[in-house]
Amino acid sequence: MCMVSDAAAQKLDGPVHYAARDSIRYDLQGQTVYLFGAATVNYGDVELSADRIVLDMKNEEAQANGAPDSTGTVVGKPAFVQEGHSIEADSIRYNFRTKQGLIREVRTQEQESWVHAGLSKRHANGEVHSRFGMLTTCDRPNPHYHFRVGRMMVFPDDKIITGPAYMKVGKIPTPLALPFGMFPNKKGGSSGVLIPTWGSNQELGYFLLNGGYYLPINDHVDVQLTGDIYSKGSWALRGVSRYRSR
């Protein structure tokens, strides 16, 4: 069964559209709507989907969660989409009036990087402040390598700033550490740390390649400083400067 309905809150600028595949239950006294099975809630440019969604019309907020299947595996985890930015998480609580949200176990892509965080708060201006996270260019749910961070701020289409961070290969920490990190998160040229790639070589051992820093000096000139390090003692440093005039 598929049901679609609209709800207009007192302080919102437009209607909230919601739907569910299995069933919809209304609590008129508590002004709450319970959505079961492939549930979706849409308001403006915000789209929230999950297996279970509780829509609190009184407080103008929605809470989304997955649900265990017959094997006990949680399926239908929440997904949040706004202005082309998508977030996957274990649970999402979002207020449509304040445009703020509380997200647990989030995983999202920011340009070339993947951001994981245990607990995140999304602010009305789109900034996301997180704790207990990791930053990587590996697209696996359990990345092969990452920077482990305690605190992190994501500025959409701008940059990612972290506190102290250290590199881990799988579950193994490495000596590569940073007192803080600033990673580019913008289309086009932007200065910041270049995250290395991980791998192994029979002769040189495990390695981290092409880690370093990128600096666009102006519209015509940039500088890139990168290095490699191998577990058996080899290393390399490179400096590249480019000039282009159109």
Side-chain angles (χ1 to χ4, degrees), residues 71-75 77 79 85-90 105-120 128 130-154 157-217 221-244:
T71 65
T73 303
V74 177
V75 297
K77 291 185 178 182
H85 292 275
S86 60
I87 293 175
E88 299 176 359
D90 282 3
E105 299 301 330
V106 62
R107 179 175 180 264
T108 182
Q109 185 177 16
E110 295 290 338
Q111 304 304 333
E112 301 299 325
S113 301
W114 287 90
V115 178
H116 303 243
L119 180 64
S120 299
V128 179
S130 304
R131 298 179 61 189
F132 314 119
M134 53 185 175
L135 186 65
T136 180
T137 55
C138 179
D139 60 357
R140 298 288 184 90
N142 296 311
H144 294 119
Y145 55 90
H146 63 272
F147 275 104
R148 174 67 65 173
V149 299
R151 295 180 182 272
M152 174 170 48
M153 293 187 296
V154 178
D157 297 324
D158 188 3
K159 56 184 172 291
I160 301 172
I161 298 177
T162 74
Y166 64 94
M167 171 71 79
K168 294 185 70 175
V169 178
K171 297 182 179 180
I172 303 174
T174 70
L176 181 58
L178 301 170
F180 67 92
M182 186 177 70
F183 301 87
N185 181 34
K186 183 185 296 183
K187 296 179 180 178
S190 178
S191 61
V193 175
L194 300 174
I195 301 177
T197 57
W198 169 83
S200 63
N201 183 287
Q202 292 183 352
E203 297 181 358
L204 301 176
Y206 293 99
F207 58 75
L208 297 172
L209 298 180
N210 296 319
Y213 198 83
Y214 174 76
L215 177 64
I217 298 175
V221 181
D222 66 0
V223 175
Q224 180 174 304
L225 302 175
T226 59
D228 309 333
I229 186 171
Y230 297 83
S231 61
K232 293 185 179 181
S234 299
W235 57 273
L237 291 176
R238 288 178 298 276
V240 178
S241 179
R242 287 166 291 204
Y243 175 83
R244 176 179 293 177

With sequence neighbours left out, what residues match [X] under side-chain contact (heavy atoms from CB on, under 4.5 Å)?
X	value
Ile229	Leu208
Ser200	Tyr206
Val154	Glu110, Val115, Val128, Met152, Ile160, Asn185
Val221	Ile217, Asn218, Ser241, Tyr243

So [Y] and [X], do their side chains get closer than 4.5 Å, heavy atoms only?
X	Y	answer
Tyr213	Met182	yes
Thr174	Val169	yes
Pro196	Phe147	yes

Set of side chain to side chain donor-acceptor pair (under 3.5 Å) partners for Thr71, sequence neighbours left out: Asp69, Thr73

Partner set under side chain to side chain donor-acceptor pair (under 3.5 Å) for Thr162, not counting sequence neighbours: none

From Met134 atom CE to Arg107 atom CZ, the distance as rounded to the nearest 0.5 Å: 9.0 Å

Cys138 SG to His116 NE2 distance, which is reported to the nearest 0.5 Å: 8.0 Å

Residues which pass ring-ring contact (aromatic ring centres under 6.0 Å, His included) with Phe207, listed by chain and number, not counting sequence neighbours: Tyr230

Pair listing, salt bridge (charged side-chain N to carboxylate O under 4.0 Å, His left out) test, anchored in residues 232-243, at least two apart: Asp222-Arg242, Asp228-Arg238

What residues form a salt bridge (charged side-chain N to carboxylate O under 4.0 Å, His left out) with [X], not counting sequence neighbours?
X	result
Glu105	none
Lys168	none
Arg148	none

Closest non-hydrogen atom pair between Ser86 and Thr108, with its separation: O-OG1, 2.6 Å

Shortest non-hydrogen contact from Ser130 toward Ser120: OG-OG, 2.7 Å

Sequence neighbours excluded, every pair satisfying side chain to side chain donor-acceptor pair (under 3.5 Å) that has a member inside residues 134-145: Thr137-Tyr145

